[in-house]
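Right, one structure below, let's go through it.
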Amino acid sequence: MSASPRIALVTLGCARNEVDSEELAARLVADGYQVVDDADGADAVLVNTCGFVEAAKSDSINTLLTAADHGAPTVAVGCLAERYGSELADALPETTVLGFDHYPQIGASLAAVLRGEQVAAHTPRDRRTLLPLSPVERRLGGEVLADLAPGLAPASGPRVLRKRLAGGPVAPLKLASGCDRRCAFCAIPSFRGAFVSRDPQDVLAEATWLADQGVREVVLVSENSTSYGKDFGDLRALEKLLPQLASVAGLVRVRVAYLQPAETRLSLLEALLTTPGVAPYLDLSFQHASAPVLRRMRRFGDRERFVGLLAQARALAPHLGARTNVIAGFPGETRADVQELTRFFEQARLDAVGIFGYSDEDGTEAAGLPGKVPAATITRRVRRLTALVEELTAQRAAERIGEQLEVLVEEIASGGGLAEGRAAQQAPEVDGSCVLRTGSLPDPVRVGDLVAARVVATEGVDLVAEAVSVVSAANAVVVSA
């Protein structure tokens, strides 16, 4: 083993996991480790797992098994490791399983693994019980929180504990951890814990640090961004924070992800859709549009309310981008419920939709509900709904031909004349992208440039646009990997 042990860090799952990995990387570097991409030649492989749904769990386990084939010790962290703990360790004896409470001492835990010592996995517990139930108690009990849930409690002052693992002009920025909602299908609160907002000064400090690293767009992520500030006793905390983030030098765009429709009030819509520098973009987690299904999910709303919410938003920003995720085949879902969901899609004019087939999740209320929809029926409904939304979102993209937009350049095509990036209505990873024809500009564009352009064609949900001018040139620092 080298004097500075080499740790290969593999990240699975969502943008929140990406932030967790970069925080782990910062701790490891501070403890004298080298963080590398390639498992070949590494002294240990650290896999930040996802444990959200069955497919993600299977992917995590397969990644752990593949990592173990490299011969170096394999360590599992992240949601799957936290959710199953000792059960996962028993199933994968070649893997060391570490929970969230290991994060502050990750370097010491890995040192023990590299010495060949056994590091005992935790017994899973409901992390919601680790925090006081009252938002005021949570805020006043900061010192207690730090002892009970290390690494998840609000910091006492501004700090940045993060090492970027990928280049590029876009980076996620964690707004909060945990969730207080009790959706019947979701196990996340049990292993991510109750909702805790980050201190606004910590968020601003990290945004400033990211901008200094060459980041041009930050994407605010959490389990439920509309709850931000409720544990401060300030339901308008996000509305106050957004203009401050948008004014951070070097940033050209702030985007907010993971919005809960039931908590999306008019004042928040106004902040999201009319604040200069904030992307007019709504990532609304509708999950369904049939009122009976939503009630069984322990959620609120219906087709008319959701269409009305989108109409209210478009009155503020006619060209906004909107996406959602929905679950098909939830227990008790009928053909009439699917027809109601279909009507919603036809009326909503969404830019992107994720369709997921329902599956039972350990420890959730939905797993014990009657009226299970047969697997074959779920598969058929997912296929039909997916075909519908692909057609509708392609039509929505075509409506944008002739529209003026601003594209953040993320990649330059070899040979020149073309670049690829995203407009304000396109979030990273989950939405479409924009091919930018740059031949009319006097100078070549760079990664990180914000370019004014006009949409001239579409390819499915992707846009093709002619560059008009560079609105804001990239930061001077290197932004590509």
> Does the pair Glu22 and Lys174 meet the rule for a salt bridge (charged side-chain N to carboxylate O under 4.0 Å, His left out), with working shown?
Replying inline: CA-CA 11 Å; Glu22 294 194 346; Lys174 190 177 289 186; over 6 Å; no
> Parallel, tilted or perpendicular: which describes the rings of Phe306 and Phe286, with under 30° parallel and over 60° perpendicular?
Replying inline: tilted
> Is a side-chain donor or acceptor of Glu239 paired with a backbone partner of Ala271 at a separation under 3.5 angstrom?
Replying inline: no
> Is it true that a side-chain atom of Ser177 and a backbone atom of Val196 form a donor plus acceptor pair closer than 3.5 Å?
Replying inline: no
> Can you name the nearest heavy-atom pair linking Gly357 to Ile378, along with the distance?
Replying inline: CA-CG2, 3.7 Å
>> Is there a side-chain hydrogen bond (donor to acceptor under 3.5 Å, both in side chains) between Ser440 and Glu466? Walk through the geometry before answering.
In response: CA-CA 8 Å; Ser440 61; Glu466 291 281 357; 4.8 Å; no
>> Show, in sequence, the C-alpha distance, side-chain angles and deciding distance for Thr49 and Thr63, and conclude whether the side-chain contact (heavy atoms from CB on, under 4.5 Å) test is met.
In response: CA-CA 9 Å; Thr49 60; Thr63 301; over 6 Å; no
> Checking Arg253 against Tyr281: charged group under 6.0 Å from the ring centre and within 45 degrees of the axis?
Replying inline: no
> Where do Arg323 and Asp431 land on the salt bridge (charged side-chain N to carboxylate O under 4.0 Å, His left out) test, with the steps shown first?
Replying inline: CA-CA 8 Å; Arg323 72 160 286 112; Asp431 297 341; 2.7 Å; yes
>> Test your reading of the model: is there a side-chain donor-acceptor pair from Asn48 to the backbone of Asn17, 3.5 Å cut-off?
In response: yes
> Is the backbone of Gln244 close enough, under 3.5 Å, to the side chain of Ser247 for a donor and an acceptor to pair up by distance?
Replying inline: yes
> Any sub-3.5 Å donor-acceptor pair from Glu410's side-chain atoms to Glu420's backbone N or O?
Replying inline: no
>> Set out, in order, the CA-CA distance, both residues' side-chain angles and the distance that settles side-chain contact (heavy atoms from CB on, under 4.5 Å) for Arg162 and Leu210, then state yes or no.
In response: CA-CA 9 Å; Arg162 185 168 176 182; Leu210 287 167; 3.7 Å; yes
> Stepwise, does the side-chain contact (heavy atoms from CB on, under 4.5 Å) test hold for Ile327 with Tyr358?
Replying inline: CA-CA 6 Å; Ile327 297 172; Tyr358 172 81; 3.7 Å; yes
>> As a quick check of understanding, evaluate side-chain contact (heavy atoms from CB on, under 4.5 Å) for Val45 and Val10, giving each step before the final call.
In response: CA-CA 8 Å; Val45 182; Val10 180; 4.2 Å; yes
> Among Arg299, Arg296, Arg303, Glu333, which one satisfies side-chain hydrogen bond (donor to acceptor under 3.5 Å, both in side chains) with His288?
Replying inline: Glu333
> Is there a donor-acceptor pair under 3.5 Å between the side chain of Thr66 and the backbone N or O of Asn62?
Replying inline: yes
> Just checking, is any N or O donor in the side chain of Ser227 or Gln260 under 3.5 Å from an acceptor N or O on the other one?
Replying inline: no
> Is it true that the side chains of Glu54 and Ser359 contain a donor and an acceptor less than 3.5 Å apart?
Replying inline: no
> Do other residues, nucleotides or ligands put more than 12 heavy atoms under 6.0 Å from Arg265 CZ?
Replying inline: yes
>> Can a donor-acceptor pair be found, under 3.5 Å and without considering hydrogens, that links the side chain of Arg216 to the backbone of Gly448?
In response: yes
> Asp59 side chain to Ala56 main-chain N or O, any donor-acceptor pair under 3.5 Å?
Replying inline: no
> Looking just at side-chain N and O atoms, do Asp231 and Ser197 make a donor-acceptor pair shorter than 3.5 Å?
Replying inline: yes
